[in-house]
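One structure is given here, and the rest of the page talks about it.
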Amino acid sequence: MTDVPMVHADHIVKRYGSHEVLKDISVTVNRGEVACLIGPSGSGKSTFLRCINHLESINGGRLSVDGDLMGYRQRGDKLYEMSPSEVSRQRADIGMVFQSFNLFPHMTVLENIIEAPTRVKGVKKATAVATAFELLDRVGLAHKAKAYPAHLSGGQQQRVAIARALAMSPKLMLFDEPTSALDPELVGEVLDVMKGLAQSGMTMIVVTHEIGFAREVGDSLFFMDGGVIVESGDPREVLTNPKHPRTQSFLSKVL
Amino acid sequence: MDPTTEPIKAVKLRHPVRTAFAVVILLLVVLFVWDAATRDAYQWPLVGQYLFDRRISQAAVVTLALTILSMILAIVMGLVLAVMRLSDNPVLKVVSWVYLWIFRGTPVYVQLVFWGLLGTIYRSVTVGIPFTSVEFFTISPFSAIDLFWLAVLGLAFNEAAYMAEIVRGGILSVPRGQDEAARALGMSWRQTMLRVVVPQSMRVIIPPTGNEVISMLKTTSLVTALGFSLELYARTRAISAQIYATVPLLIVASIWYLLVTSILMVGQHYLEKYYGRGVAPQREPEDDPELPETETATETTGIAGGNAEAVPPPKREHQ
Ligand SMILES: Nc1ncnc2c1ncn2[C@@H]1O[C@H](COP(=O)(O)OP(=O)(O)OP(=O)(O)O)[C@@H](O)[C@H]1O
Ligand SMILES: [Mg+2]
């Protein structure tokens, strides 16, 4: 069982109309690994993340998380679409953190965090609140439990968003440029939380432009361009010694 | 002078035109009021006599009941129609569109007359298998419905079309990321709508809905079209016909309409405040002193939230 990779993307194709955004993407992320995804704007990084938790459905290939196909059930060699409630159940085990935080503005920090555990998983409110405070403590924001998101800085909002995702006890965390919308001086506090999470053994896929983070924390790195994985491997190796000319030119711009 | 922190002492700017204009308006108002107070046609003693007449205050309650019940029904129907219109299901989309087309495309008064005639049009309805002689039962569906409820239905069916557009505008005003975040957490479509999208759209939905309520209060005066005569306007007309005095009872009706409108406006104010929480500028809650202070430098940076942009209210189109 432990041999099953956490994420196994096999020849993924995704089209919007006739526009092929993902062309034959194959990625494997093992349990406890941190995979970093870099690449120029429009290369399909966000789309790939959204396919992993089935916010978008794929047009070709096979995508499984923890051994289970996302959004489909296979019987014999026939695929059956899952019902919306089954897909929701699958998503509940996968945390996602967005570039624009997407906290619920009409709920306090605490309400944001306990919403999904109580409504989706049926956790008792008292238990959910206790867990929420543990998580807030972990991201250093326990004293902001009663604040509304609008009263927090961007860095604080993103840390709450991470706590909110963690409250569902996910087996996998997806990060879509979590620090891109932040002022430079607030990036560090979010990266620190993510590093702590990686050290605790969480499996993570991180779309990021933070090359330092990828080098320090990443177990693997994928460089994506035009809907294909151009180059991948050990981050320290790829970042210092990129083989492909497109990787080289991208890195020379980012670094 | 030395630019110190000393408070500014300056001669206030004068606005002579503004002042003159105010004086003229005030004079006109005084003249009008004085004239009205002494003019016999207003029959002020009758106004005083009928203002607190039981029949009229009861009619005001009926009007308020018509307004509230038909608005509640209209809001629920509007919500359903808006969600149908936004769904992926093409059948639901078309049904919603046709409903709006019909109910916004014909005058309320005409619709109300139709509601009044339903009992005549559908005097009997036979349920059976078409093109055979098999008949299960025959009913007269509208004979049992009280005129009051017919009026509620008539008003609500018309209003639902307007509410649908208001609700749709509100739902569309919620940023896409909200829906995405909720679904990524494993929330179902229902939970996403009820817990995340609809509460946020309220801020955009409530102000125009408040206007709709007030407009509905006045539209209730049209329900005589279907034969209902116990609301405020019909009642005052009936009394003025008895005592041969039109103007004083019109004034009485207007005072009651204004009174109820004012009460509704207060209610609207508090609703807006409630649904503006977390968005409208308000005092930051005090940090809980009981909890350990775990953060240091970032606390002082007060950068506004990324997903709290103000959303413009949807454009209002009306009767
Ligand atoms: N819903 C959609 N409908 C149509 N095209 C889309 C949609 N979402 C994304 N695309 C297109 O897919 C391509 C990849 O988009 P994606 O957001 O995945 O890129 P990205 O690598 O995340 O870029 P960025 O760094 O700017 O976030 C783009 O060309 C985009 O225009
Ligand atoms: Mg992106």
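Predicted model only: the values in this text are computed from it and were never measured. Protein chains get the first letters and strands the later ones, always in sequence-line order, with residue 1 at the start of each.
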- Which of these, A/M96, A/R91, A/R164, sits in a side chain to side chain contact (heavy atoms under 4.5 Å, CB included) with B/L185? A/R164

- Query: What part of B/R176 is in contact with chain A, defined as an atom under 4.5 angstrom from a non-hydrogen atom: side chain, backbone, both or neither?
  - Reply: side chain

- Message: Looking at chain B, which one of A/Q90, A/R89, A/E115 has the largest number of heavy-atom pairs inside 4.5 Å, strictly under?
- Response: A/E115

- B/Q191 side chain to A/R119 backbone, donor-acceptor under 3.5 Å: yes

- Query: CD of A/E81: more than 12 outside heavy atoms within 6.0 angstrom?
  - Reply: no

- Distance, nearest 0.5 Å, that separates NE2 of A/H54 from CZ of B/R183: 10.0 Å

- In this structure, CZ of B/R195 is separated from CZ of A/F104 (nearest 0.5 Å) by 9.5 Å

- Message: If I compare all heavy atoms of A/S88 with all of B/S188, which pair ends up nearest, and what's the gap?
- Response: OG-CA, 4.0 Å

- Item | Atom of B/A184, atom of A/N53 and distance for their closest heavy-atom approach | CB-ND2, 4.0 Å

- Query: How long is the span from the CD atom in A/E56 to the CD atom in B/E180, to the nearest 0.5 Å?
  - Reply: 7.5 Å

- Note on the structure: Separation between CD (B/Q178) and CG (A/L103), nearest 0.5 Å, reads 8.0 Å

- Is it the case that more than 12 heavy atoms not belonging to A/Y80 sit under 6.0 Å from its OH atom? yes

